[in-house]
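Here's the structure, in structure tokens; my notes come after.
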Amino acid sequence: MRTRTIAIAACILVAAACSRPCFNDTLKLTFDQPARIWEETLPLGNGRIGAMPDGGIWKEHIVLNEESLWSGSEWDPANPEALQWLPVIREKLAEGDNLTAQKLMYEHFVCAGGGGENPQYGKYQTLGALEISHHPIDKPVTGYHRELSLRNALANTTFKLGNGTVEREYLASIPDDVIAVRLRSSERNALSVKLSRPENASVRAEGNTVIMEGTLPSGKEEPGQPNSGMHYVCKALVYGNGHIVADADSISVDDASQTIILVASATSFNHSDPEAAVDSTLALASKKPFESIKSRSQSAHRALFDRVEINLPDSAALYAQYGRYLLIGSTTRATLPPNLQGIWADGCETPWNGDYHLNINVEMNHWPAQVGNLPDADLPFTSYIEGMVTSGERTARDFYGIPGWTANVLANVWNFTAPSENPSWGASLTGGAWAALQMWEHYQFTQDKDYLRRVYPTLRGAAEFLQASLFEMDGKLVTGPSNSPENSFIIDGQRCATCAGPTMDTQICKEIFGAVKQASDILGEDGEFAESLMLTASRMPEMKIAEGGYLQEWMEDYEEAEIQHRHVSHLFGLHPGTSINTPELIEAAKKTLERRGDSGTGWSRAWKINFWARVGDGNHAYFMFKQLLAPVCDCGFHYDGEGAGSYPNLFCAHSPFQIDGNFGGSAGIMEMLLQSHRTSEDGLRIVDVLPAIPDCWPEASFSGLKARGNITVGCSWSYGNGEITLQSPIAQTVIVKCGEFEQKVDLTAGKSTKLYF
Ligand code: FUC
């Protein structure tokens, strides 16, 4: 199995140098023909709006997205029975009767209204498409090329038409908040422009603008009633040197050698008058020459993207930078965090509602932010988590009868935080705390005390809920009812997921209690509560190593229903957590990983890169990276049929496309280059440089990555020797490790320090 996949992965790496698609070291995705499937189109985004041109020669289809376009609406999912059944369910768990506990969960401890299946839960949906039809010309098309430059956030398509040339450029501007397309040809030509959407859209053209608007279902409508949910407006403004005429629902352009299309959109999620917002955006942008829109877009993107350089001998650098590119493109102007598809969904029936899953997925979306020197990229997530608190307090009160706030697994833009419809996966009560830990991560990297002060109440509320939720079992404080996402075990010959104190929950509790304690010390407030958390943590179970040498997923060494399950929840403490930090636990973590295997969904493979990087095995981490690259469709490559890996445009395949694997894989590669989660016995931060590089990277370099403590780190190395550069805005002492090399270093504020090994 392993040999076969290596061969396939190698094929994509070889393909990197020559055939189609081509991932080259100039940080470009290039193709020599138009996209045949959506997963060959090229993603552009400014955080709020996204576009995916397919580079069609006569008919160009550009999928459009707007971050907030959700169907559904808010409802109260409180289940009046839940609270009274909670002690009974816990009693059953304490008696070891998990099957009855689970049965009672299904009967009495699910949200009212059907959770993710309720139309009011809603779905993230594509905004639609910009369709450009070019009048076909009977001349041969040659030299076709399309590419996405990650550095410039610019896509283009070029080809020759007879002896003439055609060039098309596409961008999603951060400063001007528009999708901009420029179509140029050496000969004058005719084309038409329209907007479309599979449902809930009315399209008309006026003057030189196509206007598409509509209202999505809220899920509350009576049969026959018009939709009453999210309203959206999208306009495409068309101008250039041709003759422009509005038809009923499209704009025709005649005799043009240059046409520019600006697309703006807004929804009622953020705007009381979306049309006014769109009009003012278009009015401002269209005053600027296209060259200025393009250069402003590039400068804004490069100000973020160029902070990091990674030079590795193969496509790992491209993959890492693609993750940073996608993160910039789905967060910079955003008010919402990237969902399961970032802001690049195609269609109205998005997989898993295109929502926010809190038991790995949305957190993984943010892993490259801090180490990848994009500290602001998790701010939309910060606001999103803060926005969950009020609803999360209701869930804490209605379902658990306690203070603080919580969110379980499913989350949308309508404040859904309750246990979902299926307790076997949907009642994991640490989702909110896991999300909140990204806030602590943000502080640890940036050292921004104002930020810490801002988020402290949210962190505290998540810890307060968990502390109050614990109950005593076998003399230890445990969470429950819960599960270990999303695995089951065999008990009395049957599959069961419901349990008390799964290893991951205990790890998350201890992690967030520790974070609140440290935050309270730094801010000099709330000391008594923080101390109480430490006492609580000391009464929780320790991790257990099973007889087989692996880490136990549950308090009992149950037989797993799926030994190779995609989630590896009990290694939360290895990554992104930090509690698996002794030689014994790390050894057990390795055994766990070996047992779990090297396969899994896209995001699972990505997580395993991070795991193997944390245990210091660069070769295995690299092997997992190649597993993540495995081509998943027959687009010129052999398809190995497993379904997980990468699409031709390097989107991660769960499958289907799920962006978490892109972000997790990108973070994993950076984790192979730099880690900073450890501290020495005397409390000094350890900066681990090249903690897990594979044998095939003997000579390479990186710069601009971030270590905790707001330290910017670079390194270049060649066959065991090299140079490390560190820069910190404040004076601090750290320990730098790199292989055998170890040095205590006093960093001077603002000055660069060089070390040689
Ligand atoms: C979790 C995972 C699935 C999928 C879904 C969106 O439930 O277990 O694999 O990624 O989220």
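Every heavy atom of this structure was used, including side-chain atoms; hydrogens, water molecules and symmetry mates were not. Just follow the structure's listing: the first ligand is 1, and inside any ligand the first atom is 1.
Side-chain N or O atoms of Ser383 include one that pairs as donor or acceptor with a backbone N or O of Leu379 at under 3.5 Å.
Ion pairing of Arg394 with Glu74 is present here, as a side-chain N (NZ or NE/NH1/NH2) and a carboxylate O approach within less than 4.0 Å. Ion pairing between Arg333 and Glu67 fails under the 4.0 Å rule for side-chain N and carboxylate O.
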Give every donor-acceptor pair under 3.5 Å between a side-chain atom in residues 487-494 and any protein atom, sequence neighbours left out.
{"from": "Asn487", "atom 1": "ND2", "to": "Glu553", "atom 2": "OE1", "distance (Å)": "3.3"}
{"from": "Asn487", "atom 1": "ND2", "to": "Glu562", "atom 2": "O", "distance (Å)": "3.4"}

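With hydrogens and angles left out, the side-chain atoms of Thr395 and Thr406 include no donor and acceptor closer than 3.5 Å.
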Every pair of nitrogen or oxygen atoms between ligand 1 and the protein that is under 3.5 angstrom apart - can you list them with their distances to 0.1 Å?
{"from": "ligand 1", "atom 1": "7 (O)", "to": "Glu486", "atom 2": "OE1", "distance (Å)": "3.4"}
{"from": "ligand 1", "atom 1": "7 (O)", "to": "Glu486", "atom 2": "OE2", "distance (Å)": "2.3"}
{"from": "ligand 1", "atom 1": "8 (O)", "to": "Glu486", "atom 2": "OE1", "distance (Å)": "3.4"}
{"from": "ligand 1", "atom 1": "8 (O)", "to": "Glu486", "atom 2": "OE2", "distance (Å)": "3.0"}
{"from": "ligand 1", "atom 1": "8 (O)", "to": "Arg566", "atom 2": "NE", "distance (Å)": "3.1"}
{"from": "ligand 1", "atom 1": "8 (O)", "to": "Arg566", "atom 2": "NH2", "distance (Å)": "3.1"}
{"from": "ligand 1", "atom 1": "8 (O)", "to": "His567", "atom 2": "NE2", "distance (Å)": "2.6"}
{"from": "ligand 1", "atom 1": "9 (O)", "to": "Arg566", "atom 2": "NE", "distance (Å)": "2.8"}
{"from": "ligand 1", "atom 1": "9 (O)", "to": "Trp603", "atom 2": "NE1", "distance (Å)": "3.4"}
{"from": "ligand 1", "atom 1": "9 (O)", "to": "His654", "atom 2": "NE2", "distance (Å)": "2.6"}
{"from": "ligand 1", "atom 1": "10 (O)", "to": "Asn361", "atom 2": "ND2", "distance (Å)": "3.1"}
{"from": "ligand 1", "atom 1": "10 (O)", "to": "Trp603", "atom 2": "NE1", "distance (Å)": "2.9"}
{"from": "ligand 1", "atom 1": "10 (O)", "to": "His654", "atom 2": "NE2", "distance (Å)": "3.3"}
{"from": "ligand 1", "atom 1": "10 (O)", "to": "Gln658", "atom 2": "OE1", "distance (Å)": "3.4"}
{"from": "ligand 1", "atom 1": "10 (O)", "to": "Gln658", "atom 2": "NE2", "distance (Å)": "3.0"}
{"from": "ligand 1", "atom 1": "11 (O)", "to": "Asn361", "atom 2": "OD1", "distance (Å)": "3.2"}

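The six-membered or imidazole ring of His654 lies near that of Trp352, with a centre-to-centre distance under 6.0 Å.
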